[in-house]
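Atoms within each ligand, like the ligands themselves, are counted from 1 in listed order.
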Amino acid sequence: MKKKVALIFGITGQDGSYLTEFLLNKNYFVFGVKRRTSLIHTTRIDHIYEDRHLKPNLILKYGDVTDFSNVFHIISETNPDEIYNLAAQSNVGVSFELPEYTAQTDSIGTLRILEAIRILDKKKKKIKFYQASTSEIFGNSPDKPYSEKSRFAPASPYGTAKLYSYWITKNYREAYSIFAANGILFNHESPRRGENFISRKTIIGIINMLHGKQKCLYLGNLYARRDWGHAKEFVEAQWKILQQKKPDDFVIATGKNYSVKDLVNLVLKKVGIRYIWKKDKKGFEYAVSLSDKGHIKKSQVIIKQDKTYFRPNEVHDLKGNYSKAKRILKWKPKVSFDQLITEMIKKETENHKKLS
Ligand code: NAP
Ligand code: F7E
């Protein structure tokens with residue numbers, strides 16, 4: 001049987017790397033789009049790519065979703081059955097500093113891919129398109145827990161840019177009968193998560209402190225709540241969304257949420273640090289160690305809130321209702337929050353040993 005061809009925009013990211021592994025295991029031929037950078041940044045996929053001469057079923061192409069001619073040319077040349085648009089400026093905090101670039105990538109980038117599909121695939125209607133939508137489109141909407149029927153109220157340039165992509169994906173589906181679907185994914189993490197997202201930042205910081213490489217971990221809002229799942233199982237849902245007879249939109253979540261402080265407490269507990277939370281005169285919280293542990297000394301301030309890490313606007317409480325995905329996709333999350341954090345701590349400890 002002819003191999004299916006997938007094209008992944010954003011292959012070098014967390015989800016791109018897991019999705020590539022998943023699709024190669026399903027015997028796909030995978031094309032991935034990587035950006036030109038001054039230093040090579042394919043670390044998340046190097047382990048798959050290093051034997052490309054033996055396994056020529058993964059090809060990387062230089063590209064950028066801010067460049068229509070490039071997007072058009074890549075889609076025309078690779079002739080894919082499935083396109084996964086994972087490319088984005090994906091950091092919510094950074095989107096306040098780079099609002100226009102975030103819109104160019106996270107909104108118009110999606111439009112560029114859809115336009116290329118509309119023009120190139122007019123007759124055959126063969127290409128299936130997956131859009132990486134996000135729980136950030138719900139923002140601070142009152143309709144909790146969030147499902148496909150909840151109202152949207154994004155609270156950042158990122159969430160707003162992604163809401164445009166959600167709608168344009170739906171518009172192109174309805175107007176041009178393109179198989180275009182949104183996966184509305186809640187937060188998902190893994191040992192491959194970018195270093196400045198809260199889960200990985202907290203774990204790296206605490207392990208660094210144990211080894212004397214960092215004195216204190218500075219954080220922002222400790223009371224935001226997130227529904228955190230494992231990226232590896234969320235990419236399976238992305239694939240399942242494109243295997244349906246009809247294109248549709250699905251919430252992918254765990255249905256449980258925790259605060260940032262719960263996350264920090266869990267990591268500290270798991271690595272065996274005893275500590276107490278206190279408040280300074282301005283109301284900022286900090287944690288003080290109660291005994292020596294590794295390079296951490298008794299009475300050391302190990303965590304401190306710093307206003308640099310507060311956002312101009314916050315999404316306070318995200319929890320998803322994934323019952324539609326469970327019913328139609330037969331998908332449900334299996335990895336608990338505790339298991340996810342345990343795996344991330346284990347991997348970070350191994351990384352640390354390799355570097356020292
Ligand atoms: P990620 O690790 O930040 O990966 C983003 C990918 O997009 C990277 O490969 C990045 O390339 C690429 N990219 C960025 N700007 C681009 C551009 N202008 N042109 C082409 N590629 C570009 O994000 P992720 O966690 O894997 O998430 C994947 C997608 O799902 C993103 O769209 C994100 O917004 C969305 N999402 C993520 C979550 C989550 O919790 N992880 C939840 C909901 C939705 P570089 O490696 O060169 O930076
Ligand atoms: O923040 C708070 C912060 O950056 C989580 C992206 O994948 O998921 C992700 O967006 C929470 C927020 O993820 C720090 O204010 C406190 O409330 O890990 P995060 P995010 O903003 O939820 C959604 C679904 C996406 O689609 C996005 O692409 O943690 N927080 N202190 C902090 N966050 C960070 N990053 N750093 C801090 O120091």
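Atom 7 (O) of ligand 2 has as its closest protein heavy atom Arg193 NH2, 2.9 Å. Shortest contact from atom 16 (C) of ligand 2 to any protein heavy atom: Asn221 O, 3.2 Å. Looking only at heavy atoms of the protein, atom 32 (C) of ligand 2 is closest to Ile198 CD1, 3.6 Å. Taking atom 15 (O) of ligand 2 as the reference point, the nearest protein heavy-atom neighbour is Glu314 OE2, 2.6 Å. If you check which protein heavy atom lies closest to atom 10 (O) of ligand 2, you get Val92 CG2, 3.5 Å. Protein heavy atom at the shortest distance from atom 11 (C) of ligand 2 is Val260 CG2, 3.9 Å. Protein heavy atom closest to atom 38 (O) of ligand 2, with residue, atom name and distance, is Lys201 NZ, 2.8 Å.
Salt bridge annotation for Lys126-Asp81: present, with a cationic side-chain nitrogen under 4.0 angstrom from a carboxylate oxygen.
Taking a 4.0 Å cut-off on heavy atoms, Ser135 registers as neighbouring ligand 2. At a 4.0 Å cut-off, at least one heavy atom of Tyr101 sits close enough to ligand 1 to count as contact. Remark: distances from the non-hydrogen atoms of Tyr158 to ligand 1 include one below 4.0 Å. The shell of residues lying under 4.0 angstrom from ligand 2, judged by heavy atoms, excludes Glu195. Residue Phe310 places no heavy atom under 4.0 Å from ligand 2.
Those atoms of ligand 1 that come under 4.0 Å of a heavy atom in Arg193, given as number and element, are 25 (O), 39 (C), 40 (O), 41 (N). If you number the atoms of ligand 1 from 1 as listed, the ones under 4.0 Å from a heavy atom of His41 come out as 45 (P), 46 (O), 47 (O). Listed by number with element, the atoms of ligand 1 under 4.0 Å from a non-hydrogen atom of Thr105 are 15 (N), 16 (C), 17 (C), 18 (N). Listed by atom number, the atoms of ligand 1 under 4.0 Å from Ser133 heavy atoms are 43 (C), 44 (C). The ligand atoms of ligand 2 that sit less than 4.0 angstrom from a heavy atom of Ser90 are 6 (C), 27 (C), 28 (O). Below 4.0 Å from some heavy atom of Asn187 lie the following atoms of ligand 1, by number and element: 40 (O). In summary, the atoms of ligand 1 found under 4.0 Å from a heavy atom of Thr134, numbered by their order in the structure, are 43 (C), 44 (C). The contact set between ligand 1 and Leu185, taken as ligand atoms under 4.0 Å from a residue heavy atom, comprises 42 (C), 43 (C). Shown in contact with Ala88 at under 4.0 Å from a heavy atom are these atoms of ligand 1, numbered in order with element: 5 (C), 7 (O), 13 (N), 14 (C), 15 (N), 31 (C), 32 (O), 34 (O).
Using modelled atom types, one finds a donor on one side chain and an acceptor on the other under 3.5 Å when comparing Thr110 with Ser165.
Between Arg311 and ligand 2, at least one N/O pair is under 3.5 Å apart. Considering both main-chain and side-chain atoms, Thr134 comes within under 3.5 Å of ligand 2 through a nitrogen or oxygen pair. Some N or O of Gly220 is nearer than 3.5 Å to an N or O of ligand 2, by distance alone.
Of all heavy-atom pairs between Asn182 and Lys170, the closest is ND2-N, 4.3 Å. Listed here is the closest heavy atom pair of Leu340 and Val335: N-CG1, 3.8 Å. Among all heavy-atom pairs drawn from Ala180 and Arg173, the shortest one is O-NH1, 2.9 Å. Closest approach of Arg44 to Arg192, counting heavy atoms only: NE-O, 2.8 Å.
Sparse packing is recorded around NE2 of His73, with 12 or fewer heavy atoms of other residues, nucleotides or ligands lying under 6.0 Å away. Around NZ of Lys201, the count of heavy atoms belonging to other residues, nucleotides or ligands within 6.0 Å exceeds 12.
Of all the heavy atoms of Asn196, the ones lying under 4.0 Å from any atom of ligand 2 belong exclusively to the backbone. Using a 4.0 Å cut-off between heavy atoms, Ser135 makes no contact with ligand 1 at all.
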